[in-house]
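Scroll down for the structure; my scribbles are underneath it.
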Amino acid sequence: MTDAAPGQTIGPFFHHALAYPGDSELVPFGAAGSVVLHGHVYDGAGTPVPDAMIEIRQADAEGVVPAVEGSLRRRGAAFTGWGRCCTDTSGRYWFSTVEPGGATPFFAVTVFARGLLDRLFTRIYLPDGADTVDGLVAEREADGRLRFDIHLQGENETVFFSFPRHRS
């Protein structure tokens with residue numbers, strides 16, 4: 001009789017498999033009209049999560065949702081409205097993008113992190129937008145950057161949305 005086989009490790013391995021150069025630059029960093037959207041991802045104890053992955057999808061500055069497919073090549077590619085960023089060792093993420101336009105501009109956000117059986121969905125609204133949802137508004141910093149921290153659990157837990165196709 002043989003010994004039992006060890007359990008199979010299933011990941012996630014976001015930092016090794018899904019990141020690619022320029023993934024968080026929807027527009028080149030520092031380009032005219034660009035803005036930095038950044039923040040940290042925290043767990044329920046308030047500890048930064050160093051291996052989460054954040055994806056955003058958004059309209060362009062005129063409020064038009066791009067109808068082009070997401071691109072793994074950023075340099076010279078059209079604005080796709082989609083980006084991905086893995087958190088660093090301090091739980092920080094950032095995107096170089098444009099502020100979305102439209103009546104109620106927002107970033108649609110998907111969060112992947114260890115311990116989650118499925119992704120989480122939320123939104124980030126612009127601080128000067130109308131009809132925003134409490135707790136989902138980015139803070140505009142003195143230098144114009146937008147900051148939004150994501151709390152997976154706890155007293156400051158971010159508001160996450162549930163969609164019928166994604167209920168477990």
Side-chain angles (χ1 to χ4, degrees), residues 9-61 66 70-75 77 79-101 105-129 132-161 166:
T9 302
I10 58 170
F13 304 109
F14 304 126
H15 291 81
H16 301 289
L18 298 176
Y20 61 93
D23 57 1
S24 64
E25 293 183 50
L26 286 72
V27 299
F29 183 79
S34 68
V35 67
V36 172
L37 170 66
H38 74 106
H40 286 81
V41 178
Y42 297 103
D43 66 13
T47 304
V49 178
D51 54 357
M53 185 176 73
I54 308 300
E55 290 184 348
I56 63 170
R57 183 167 292 278
Q58 66 170 97
D60 65 14
S71 173
L72 298 181
R73 291 172 285 174
R74 293 292 186 193
R75 307 245 185 266
F79 179 78
T80 63
W82 179 84
R84 170 185 290 161
C85 184
C86 294
T87 56
D88 64 16
T89 56
S90 66
R92 182 175 182 264
Y93 72 91
W94 68 272
F95 294 94
S96 175
T97 186
V98 297
E99 292 190 19
F106 65 90
F107 301 94
V109 179
T110 306
V111 180
F112 301 84
R114 66 178 136 92
L116 298 178
L117 298 177
D118 203 353
R119 57 193 166 173
L120 299 174
F121 301 95
T122 190
R123 288 183 174 184
I124 302 172
Y125 291 92
L126 298 181
D128 44 356
T132 57
V133 177
D134 285 344
L136 296 180
V137 181
E139 172 189 347
R140 187 172 308 278
E141 297 178 320
D143 61 3
R145 298 183 312 161
L146 298 169
R147 180 182 179 124
F148 186 84
D149 292 333
I150 297 170
H151 297 266
L152 299 176
Q153 292 178 312
E155 184 177 322
N156 297 318
E157 182 176 336
T158 298
V159 175
F160 296 107
F161 301 112
H166 294 101

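Atoms considered below: every heavy atom in the structure, side chains included; atoms not considered: hydrogens, waters and symmetry mates. Fair warning: this is a prediction, and the values are worked out from it, not measured in the lab.
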For a side chain to side chain contact (heavy atoms under 4.5 Å, CB included) check, start with the C-alpha distance between Tyr125 and Phe148, then their side-chain angles and the critical distance, and finish with the verdict. CA-CA 9 Å; Tyr125 291 92; Phe148 186 84; over 6 Å; no
Closest non-hydrogen atom pair between Leu126 and Glu99, with its separation: CD1-OE1, 3.7 Å
Could you walk me through whether Val35 and Thr97 pass the side chain to side chain contact (heavy atoms under 4.5 Å, CB included) check? CA-CA 5 Å; Val35 67; Thr97 186; 4.2 Å; yes
Closest contact, heavy atoms only, Gly44 versus Gln153: CA-CB, 3.6 Å
Under 3.5 Å: donor-acceptor pair, side chain of Asp23, backbone of Cys85: no
Candidate pair Phe160 and Ile150, rule side chain to side chain contact (heavy atoms under 4.5 Å, CB included), full reasoning: CA-CA 10 Å; Phe160 296 107; Ile150 297 170; 4.1 Å; yes
Check: Thr158 side chain, His151 main-chain N or O, donor-acceptor pair, under 3.5 Å: yes
Determine, step by step, whether Thr122 and Leu120 satisfy the side chain to side chain contact (heavy atoms under 4.5 Å, CB included) criterion, reporting the C-alpha distance in whole Å, the side-chain angles of both residues, the deciding distance to 0.1 Å, and the verdict. CA-CA 7 Å; Thr122 190; Leu120 299 174; over 6 Å; no
Between Asp60, Leu37, Ile56, which is the residue that forms a side chain to side chain contact (heavy atoms under 4.5 Å, CB included) with Leu26? Ile56
Hey, can you tell me if Phe29 and Trp94 have their rings parallel, tilted or perpendicular (30° and 60° cut-offs)? perpendicular
Ala113 to Ala52 - nearest heavy-atom pair and separation: CB-CB, 4.0 Å
Heavy-atom nearest pair, Pro127 first then Leu146, reads CD-CD2, 3.8 Å
Any donor and acceptor pair, going by atom type alone, linking the side chain of Gln58 with main-chain N or O of Pro105 inside 3.5 Å? no
Closest non-hydrogen atoms of Ser34 and Val27, given as atom of the first, atom of the second and distance, are CB-CG2, 3.6 Å
